[in-house]
J.: 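Structure incoming, see below.
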Amino acid sequence: MAEQNPKAGYEPQKIEAKWQKRWEEARVFECEADPSKPKYYVLEMLPYPSGTLHMGHMRNYTIGDVVARVKRMRGFNVLHPMGWDAFGLPAENAAIKNHTHPRVWTNNNIAEFQRTLRRFGFSYDWRREISTCEPEYYRWNQWFFLRMLEKGLAFRKKAPVNWCPKCCTVLANEQVIKGYCWRHEDTLVETRDLEQWFLRTTAYSEQFLEDFKLLEEGWPERVITMQREWIGKSRGANVKFAVANSSGGETIEIFTTRIDTIYGASAMILAPTHPMVGPLLENSPERANAEPLLAQMRQTSVKTADLATMEKVGFFTGRYVLNPFSGEKLPVWVGNFVLMGYGTGAIMAVPAHDQRDFEFCRKYNLPVRVVIQPVSAETLDGATIKAPFEEHEGGKLVNSGPYDGLTPDTAIEKMTADAEAEGFGKGTVVYKLRDWLISRQRYWGTPIPVVYCEKDGMVPLPDDQLPIVLPENIRLTGEGASPLATTPEFVNTKCPKCGGPARRDTDTMDTFVDSSWYFYRYCDPHNSKAPFDAAKVGYWFPIDQYIGGITHAILHLLYSRFWCKVMRDLGLVRHEEPITRLFTQGMVLKGGTAMSKSKGNVVGAHEMADKYGADTGRLYTLFATQPEKDLEWSEESIDGAWRFLNRVYRLTERHADLLKVVMASSSLGSSATDKEKKLLRKAHQTLQRVTSDFETRWHFNSAIALIMELTNEIYACEPLEDGVRPEIRKEVLELLTLMLAPMTPHIAEEMWEILGHSGGLWSVSWPAANAELAKDDEVEIPVQINGKLRSKLKVPAGIGQEEIVKLATSDPAIASHLDSKRVVKVIYVSNKLLNLVVA
RNA sequence: GCCCGAAUGGCGGAACUGGCAGACGCGCUAGGUUCAGGACCUAGUUCUCGCAAGGGAGUGGAGGUUCGAGUCCUCUUUCGGGCACCA
């Protein structure tokens, strides 16, 4: 548009380059820890440098930038950094495809990303830029890993793990979405038995939950809910059932949250991989039948994808256990719906009071016995019920020996206590959260700093050998084992303990390790002695405002919380939670789906800046909708933002010459004209509301609408020469400029200069609204009769009820509706509305 | 199945604690202006009856609370998101 409009005074490309240069020269966005100043740490989630930045990204950074600029104007010492989540599989895959090195590909992308972000004028302190693929960064991943190893928080274990055949690597639990790989929506994750490195996130399950109380105010409720569900705490009891006819007196422990229903148990059901399945079958008459079924079940249970809809199948082991409460003999079954990884991998089946057990027992003709009878409904009969009764509330125990008549909740308490006293059970708490599997069989990540020595076994490397640097010469094929494993110069090393030959660990760390603590590094990005200086982090932390997509609700944000708690326990930080406030912005959609390169529906950031300039791009993404909502991209609506900036710019230019030489003033004086009053009132009213939108609600869209209204009002008062003193004109135009400054900083700087300032906006504070000037002296009161709008009255502000009723009843538009009716009630909301109730 | 969130003109969306529904912008219509315009200025633009003045309806649907409901309550529909054999 700009290039087709040579007469326009507003030339964004020229202005934007000019001010970006000035900002850089004046180093206005650089900051240092300074305990004498109030701090504000605002951060957008760091990008993965792949492809090119589109307007979806830019929206995110624009929101953060507005906040950073507003806080600076309000006198805060603002930390607003940017960096690169530079390790990861796409770099490796791209390198394989293009026969280049992941580092080359990554650094090219970083250069391009940086150019784009600079072009949009984001107010980052670029001296603090970090790139997680640099040894100066990832050495601290290794350092943290060693500390966790010392504390027992990092450990190796052989376990069934998630394997993505496309990524050729294992995945963390959190990276498996409905059974599919988080990066490959079409690729089912397989299960493999491997020995891998884990971080003990489960050590903090309870604290994660506990500390939600610190986040309630600043985090979106749904993020907390998602994390809470992911952690999945359940209270219940483990109960031991003795195996009937066993020589060794074996027992099998089940986990239940409903011990109160134990008299209704019809069977015990084991997970197919439960360790007792084999031993039980050994002396079983059912062995021949069972073994092929078991083999099949173990195979199909690998696919977790359609677990929820899968039909329940099982078989009888031929063996029995004894219900420790009733002494009853219960058959032991194996069921495909019982998970080994949760609870004890064994359950009691209570078909009358659990949906899954109900389905299973009906299918295999196991007895259904009601032991909780709803009080206020017809009596349930196990033989005929169509659905289980699962509620706690409104039930009483029956057929439960000494516990008959108790409510489920009291029974749970009493029976758990009794089981503990008798020694066959124990109240427990279980969590769904699993430890974080961090080993990856890929190259482009942080090497794990341990070696394996024939003599000494696994040996952690001493700190002075860090960083373990990735070898540069590497053959990447994307197939087979970990690339590091096929690079002998990397693998073969010496044992730091005995000096003998040793092999390095050839896996790398999950890249979520990098992003779990990167925001600490921004506080002290070039420290070569430690991950960061405690005093610097002590000043800047916790993060006051974090901004990013909801997609990271669990993965990144939970890992970050984990890292913080580990660091706190290591004595490195003093706070409990790293992020005080979290904002999850909406996506930018085009054609109904999120902008993404793979979908081919992106609007590139450069494309936008070329055509309209960065300020228009920023303004449009802020104006289109509230920041938390998804934004459907509309090429036509951008013209509106572009036109508005032109309109504002022309206005400033028109008044430039005269205003350069006067001082702004909002002092009205006794001879003030109506125009002057009107303009100043509108300007200060706008300022009041925009200030509150910036501070509390973040409704940038309505803030912009208000600024547009102010602009329209100024246009409506043109020519301003006629009846508006220059100092008041200047006051109004300056307020307009300052309100735009956080959102469209380049044009605001230019306008500020046009208005005669040479200092630059960075040294200007957010203006204070003058409540006196903002006050309306006349208000329009809607008058309703029985809640229906019938008229409007222009009255002096603050008018009393008696007076306004008098005015209203003499208004012909009202009088005609009153007729013969009587006013029975008057509702008057001062300065707002009058409602006459008539009968 | 469970838990959240959303639904407002032709479109994106305003309406902060219940108080003028449709701010602001897009689009459209008309007029002005310009060598020209996908530029600029002005006016209009929820639907509907009416020449008009004015009336009626109206925030997915059905009820309810209230002087007054887009906003609160109950039920319901559609869409979006999350969780889901977690015992």
J.: Starting the side chain at C-beta, find the nucleotide from B:rG81, B:rG68, B:rC24 nearest to A:R222.
T.: B:rG81

J.: Tell me: CZ of A:R790 to P of B:rA53, nearest whole Å?
T.: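 Taking CZ of A:R790 and P of B:rA53, I get 16 Å after rounding.
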
J.: Please tell me if A:N712 has a side-chain N or O lying less than 4.0 Å from either OP1 or OP2 of B:rG25.
T.: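 Indeed, a polar side-chain atom of A:N712 lies that close.
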
J.: Whole angstroms only, please: what is the CD1-P distance between A:I827 and B:rA69?
T.: 12 Å

J.: Could you give the distance from CG (A:N60) to CZ (A:F583), rounded to the nearest 0.5 Å?
T.: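 Rounded to the nearest 0.5 Å, the CG-CZ separation comes to 9.5 Å.
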
J.: Report the glycosidic orientation of B:rG9: syn if within 90° of 0, anti in every other case.
T.: syn

J.: With sequence neighbours excluded, what pairs up with A:F424 under the ring pair (Phe, Tyr, Trp, His ring centres under 6.0 Å) test?
T.: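 A:F424: ring pair (Phe, Tyr, Trp, His ring centres under 6.0 Å) contacts with A:F325.
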
J.: Regarding A:H392 and A:D409, is there a side-chain donor-to-acceptor distance under 3.5 Å anywhere?
T.: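 Distance-only check passes for A:H392 and A:D409.
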
J.: Taking the same atom, C1', in B:rG1 and in B:rU66, what whole-Å distance lies between them?
T.: 37 Å

J.: Consider the side chain of A:Y715, meaning its heavy atoms from C-beta on, and name the nucleotide among B:rC24, B:rC41, B:rC20 that approaches it most closely.
T.: B:rC41

J.: A:L589 CG to B:rC79 C1': how many Å, rounded?
T.: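 Distance check: A:L589 CG to B:rC79 C1' gives 14 Å.
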
J.: Between A:W230 and A:D693, who's closer to the 5' end of RNA chain B by nearest nucleotide?
T.: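 The residue closer to the strand's 5' end, by nearest nucleotide, is A:D693.
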
J.: Expressed as a whole number of Å, how far does the P atom of B:rG61 sit from that of B:rG54?
T.: 29 Å

J.: Distance only, no hydrogens: is a donor on one side chain within 3.5 Å (strictly under) of an acceptor on the other, for A:N835 and A:Y828?
T.: no

J.: Using purine N1 to pyrimidine N3 plus N6-O4 or O6-N4 for Watson-Crick, or N1-O2 and O6-N3 for G-U wobble, both under 3.5 Å, which nucleotide pairs with B:rG50?
T.: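 Partner of B:rG50: none found under 3.5 Å.
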
J.: Given the C1' atoms of B:rA21 and B:rA14, what is the spacing between them in whole Å?
T.: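 Looking at atom C1' only, B:rA21 and B:rA14 are 10 Å apart.
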
J.: Report yes or no: do A:E174 and A:H556 form a side-chain donor-acceptor pair below 3.5 Å?
T.: no

J.: Please determine whether any donor N or O and acceptor N or O are separated by less than 3.5 Å between the side chain of A:K825 and the base of B:rC67.
T.: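 No, no donor-acceptor pair under 3.5 Å.
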
J.: Return the pairing partner of B:rC40 with a 3.5 Å limit on both distances, Watson-Crick or G-U wobble; otherwise return none.
T.: B:rG32

J.: Please state how far atom CG in A:L706 lies from atom C1' in B:rG25, giving the value in whole angstrom units.
T.: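 In whole Å, B:rG25 C1' and A:L706 CG are 13 Å from each other.
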
J.: When you compare B:rG68 with B:rU77, how far apart are their C1' atoms, in angstrom units rounded to a whole number?
T.: 27 Å

J.: Determine the contact category for A:K432: base if any of its heavy atoms lies under 4.0 Å from a base atom, sugar-phosphate if only primed atoms, P, OP1 or OP2 are that close, otherwise nothing.
T.: base

J.: Taking only the side-chain nitrogens and oxygens of A:K788, find out if one of them lies under 4.0 Å from OP1 or OP2 of B:rA57.
T.: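 True: A:K788 side-chain N/O within range (under 4.0 Å) of B:rA57 OP1/OP2.
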
J.: Paired with B:rA69: which nucleotide, if any, by Watson-Crick or G-U wobble criteria at under 3.5 Å for both distances?
T.: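 When the pairing criteria are applied, nothing turns out to pair with B:rA69, so the answer is none.
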
J.: How long is the line joining OH of A:Y828 and P of B:rC20, in whole Å?
T.: 14 Å

J.: Is it the case that the side chains of A:D693 and A:S702 hold a donor-acceptor pair, with the cut-off being a distance below 3.5 Å and no angle test?
T.: yes

J.: Using atom CG of A:N835 as one end and atom P of B:rU66 as the other, report the distance to the nearest whole Å.
T.: 15 Å

J.: Would you please confirm or rule out a distance under 4.0 Å between OP1 or OP2 of B:rA39 and any side-chain N or O of A:R643?
T.: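 So the side-chain polar atoms of A:R643 do come within 4.0 Å of the phosphate oxygens OP1 or OP2 of B:rA39, strictly under.
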
J.: Check whether A:Y263 forms a cation-pi arrangement with A:R369 (NZ or CZ under 6.0 Å from the six-membered ring centre, at most 45° off the ring normal).
T.: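 So A:R369 doesn't make the cation-pi contact.
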
J.: Which nucleotide, B:rC41, B:rG82, B:rA87, lies nearest any side-chain atom of A:M226?
T.: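 Closest nucleotide to the A:M226 side chain: B:rG82.
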
J.: What contact category does A:T256 fall into here, base, sugar-phosphate, or nothing, at under 4.0 angstrom with non-hydrogen atoms?
T.: sugar-phosphate

J.: Tell me yes or no: between the side chains of A:D610 and A:Q13, is some donor less than 3.5 Å from an acceptor?
T.: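 No, no side-chain donor-acceptor contact under 3.5 Å.
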
J.: Give me the distance, rounded to whole Å, that separates B:rA84 from B:rG70 when you measure between the P atoms they each carry.
T.: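 The same atom, P, in both gives a distance of 39 Å.
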
J.: So which nucleotide does B:rA62 pair with, by the Watson-Crick or G-U wobble rule with both distances under 3.5 Å?
T.: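 B:rU74 is the nucleotide pairing with B:rA62.
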
J.: With P as the reference atom in both, quote the distance from B:rC41 to B:rG5 in angstrom, rounded to an integer.
T.: 42 Å

J.: Phosphate oxygens OP1/OP2 of B:rA39: is one of them under 4.0 Å from a side-chain N or O of A:R647?
T.: no

J.: Tell me the interatomic distance from A:I550, atom CD1, to B:rA6, atom P, rounded to whole angstroms.
T.: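 Result: 14 Å.
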
J.: Suppose you measure atom C1' in B:rC85 against the same atom in B:rG81; what distance do you get, rounded to whole Å?
T.: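 It comes out at 22 Å once rounded to the nearest Å.
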
J.: Nearest to the A:V837 side chain among B:rC83, B:rC67, B:rG55, which nucleotide is it?
T.: B:rC67

J.: Would you mind telling me which of B:rA87, B:rC20, B:rC85 lies closest to the side-chain atoms of A:N336?
T.: B:rC85

J.: Check this one for me: any side-chain N or O of A:R650 less than 4.0 Å away from OP1 or OP2 of B:rC41?
T.: yes

J.: What protein N or O atoms touch nucleotides 7-14 of chain B N or O atoms at under 3.5 angstrom, if any, and at what distances?
T.:
| residue | atom | partner | partner atom | Å |
| --- | --- | --- | --- | --- |
| B:rG12 | O2' | A:A624 | O | 3.0 |
| B:rG13 | O3' | A:N701 | ND2 | 3.4 |
| B:rA14 | OP1 | A:Q626 | NE2 | 2.4 |
| B:rA14 | OP1 | A:N701 | ND2 | 3.1 |
| B:rA14 | O5' | A:N701 | ND2 | 3.3 |

J.: To the nearest angstrom, how far is A:R228 atom CZ from B:rA84 atom C1'?
T.: 18 Å

J.: Distance alone, cut at 3.5 Å: any donor-acceptor contact between the side chains of A:Y342 and A:S234?
T.: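 Result is yes, a qualifying pair exists.
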
J.: Give none if B:rA15 has no partner; otherwise give the nucleotide forming a Watson-Crick or G-U wobble pair with it, both distances under 3.5 Å.
T.: none

J.: My understanding is that a pair needs two contacts under 3.5 Å, Watson-Crick or G-U wobble. By that rule, which nucleotide pairs with B:rA23?
T.: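 Pairing partner: none.
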
J.: Taking the side chain of A:L789 as its heavy atoms from C-beta onward, which of B:rC24, B:rC67, B:rC20 lies nearest to it?
T.: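 The answer is B:rC20, which lies nearest to the side chain.
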
J.: Using a heavy-atom cut-off of under 4.0 Å over every strand shown, decide if A:V826 touches base, sugar-phosphate, or nothing.
T.: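 Here A:V826 touches no strand at all.
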
J.: Measuring only the C1' atom in each nucleotide, how far is B:rG80 from B:rC28? A whole number of Å is fine.
T.: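 After rounding to an integer number of Å, I get 31 Å for this pair.
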
J.: Answer with yes or no whether the side chains of A:S791 and A:D811 bring together a donor and an acceptor at under 3.5 Å.
T.: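 The criterion, which ignores hydrogens and geometry beyond distance, is satisfied for A:S791 and A:D811.
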
J.: If you draw the axis of the six-membered ring of A:F360, does the NZ or CZ of A:K312 fall within 45° of it and under 6.0 Å from the ring centre?
T.: no

J.: Which nucleotide, if any, forms a Watson-Crick or G-U wobble pair with B:rA84, using both distances under 3.5 Å?
T.: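 Across any shown strand, B:rA84 pairs with none.
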
J.: Would you say A:T225 reaches B:rC83's phosphate, i.e. side-chain N/O to OP1/OP2 under 4.0 Å?
T.: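 The answer is no; no side-chain N or O of A:T225 sits under 4.0 Å from OP1 or OP2.
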
